[in-house]
Amino acid sequence: MSRPTKLYEPYQLGPISLANRFVMAPLTRNRAAPGTFVPSPLAADYYAQRASAGLLVTEASQISQQGQGYQDTPGIYSKDQVAGWRKVTDRVHERGGRIFIQLWHVGRISHNALQANGGAPVAPSAIRAKGKTFVNGTFADVSEPRALELAEIPGIIDDFKRVTRNALEAGFDGVEIHGANGYLLDQFAKDGANKRTDAYGGSIENRARLMLEVSKAVAAEAGADRTGIRISPVTPANDISDSNPQALFDHIVDGLNALKLVYLHVVEGATGGPRDFAPFDYADLRKRFSGAYIANNGYDFELATKVLDAGAADLIAFGKPFISNPDLVERLQKGAPLNEWDKNTFYGGGARGYTDYPTLEAADAAE
Ligand code: 8OZ
């Protein structure tokens, strides 16, 4: 049975042809090698299994040791990490897939145990988030951060540039800047976390500056047509908030549009929670942005079809359904039932709950 929908129409994303409108959302899985943070050898299987999505976005990958906030998340700053990712991109490309890597600096959402010499995580301002991270096998309160010195900011932009070159060397089709979910760039943008009085704090223009400077620097390395960004205007994730998200993100998106980024990936509502968490006009962002609009958060076949038909988005990112359904694209086309996900195996561990979810074909053969 096939159902009428735009989900299976191809899409031209800058220079890259996508087979359909499905995006696999970035999903943190905490299975990188402890100590080196090289992606797990299983990651190549995991992403290759899901390569029928028009575009895969990798799990968030730290741009530096300082940018890490959780146990065993992969990096993209060392030679070994680049070699590990190369195996992933090769396998995805062999299956005809396309893959971007998500570039991540967690800012204050980290723990001393992950930082060089047990130091403090960095943030726009020395304000500790009310929230937890996962380190040394348990959930722990995030550590007290220190405010970045003005003179340190160019170094962070340089880190983003360096890892963008690494990403291209690793064979990625492009990069996604993680500007969402209460991590560093979102912390700078939003006034709940940014109390700076220099050029990176205060006005909307100043708070948006780091996200836009990073976007410009990354686009200069990868090409704007291979650079996307993820934002989450109203999410409360990781204790983030802003007094006027509409004005803030109207300004940010105008800046991203001027840079000609290839896509804007928007977490609508509370990340992993209610889509109507807070009032926000997403159509306004779409109007301001000429590139592709990727909509995310709580989409299913029906809502995705409705939104694509209405022209409110170009691509739809699915998260958890891709964890438990490597063949999500084919299952939804057939109207076949979906595997349920097991939350207990989301973060950390091995193949179980990672590469062992069956395709429909495998499940049928086993009957
Ligand atoms: C879940 C657990 C840890 C990190 C995000 C990178 O929310 C994450 C994340 C999600 O963007």
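Atoms within each ligand, like the ligands themselves, are counted from 1 in listed order. Computation of the quantities below employed the complete heavy-atom set of this structure, encompassing side-chain atoms and omitting hydrogens, waters and symmetry-equivalent molecules.
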Inset, instruction - Determine yes or no for a side-chain-to-main-chain donor-acceptor pair under 3.5 angstrom, with Arg98 supplying the side chain and Asp173 the backbone. - result: no
Inset, instruction - Considering only NZ, NE, NH1 and NH2 on the basic side and carboxylate oxygens on the acidic side, decide whether Asp90 and Lys87 come within less than 4.0 Å. - result: no
Inset, instruction - Please state which part of Trp104 comes within less than 4.0 Å of ligand 1, counting heavy atoms only: side chain, backbone, both or neither. - result: side chain
Inset, instruction - Would you please indicate yes or no on a ring centroid separation below 6.0 angstrom for Tyr8 and Phe22? - result: yes
Legend entry - Phe346 to ligand 1, any heavy atom closer than 4.0 Å: no
Inset, instruction - Say whether Arg230 and ligand 1 are in contact under the criterion: heavy-atom distance to a ligand atom below 4.0 Å. - result: no
Legend entry - Identity and separation of the nearest protein heavy atom to atom 8 (C) of ligand 1: Tyr183 OH, 3.5 Å
Inset, instruction - Give yes or no for whether the N/O distance cutoff of 3.5 Å, strictly under, is met between His178 and ligand 1. - result: yes
Legend entry - Shortest protein heavy-atom distance from atom 6 (C) of ligand 1, along with the residue and atom involved: Thr28 OG1, 3.2 Å
Legend entry - N/O donor-acceptor pair under 3.5 Å between Arg209 side chain and Ala199 backbone: yes
Legend entry - Atom indices of ligand 1 within 4.0 angstrom of Asn181 heavy atoms, with elements: 5 (C), 7 (O), 11 (O)
Inset, instruction - Could you tell me whether the side chain of Gln102 and the main chain of Ser61 form a donor-acceptor pair under 3.5 Å? - result: no
Legend entry - Between Tyr263 and Phe100, ring centroids under 6.0 Å: yes
Legend entry - Contact atoms of ligand 1, heavy-atom distance to Tyr347 under 4.0 Å: 1 (C), 2 (C)
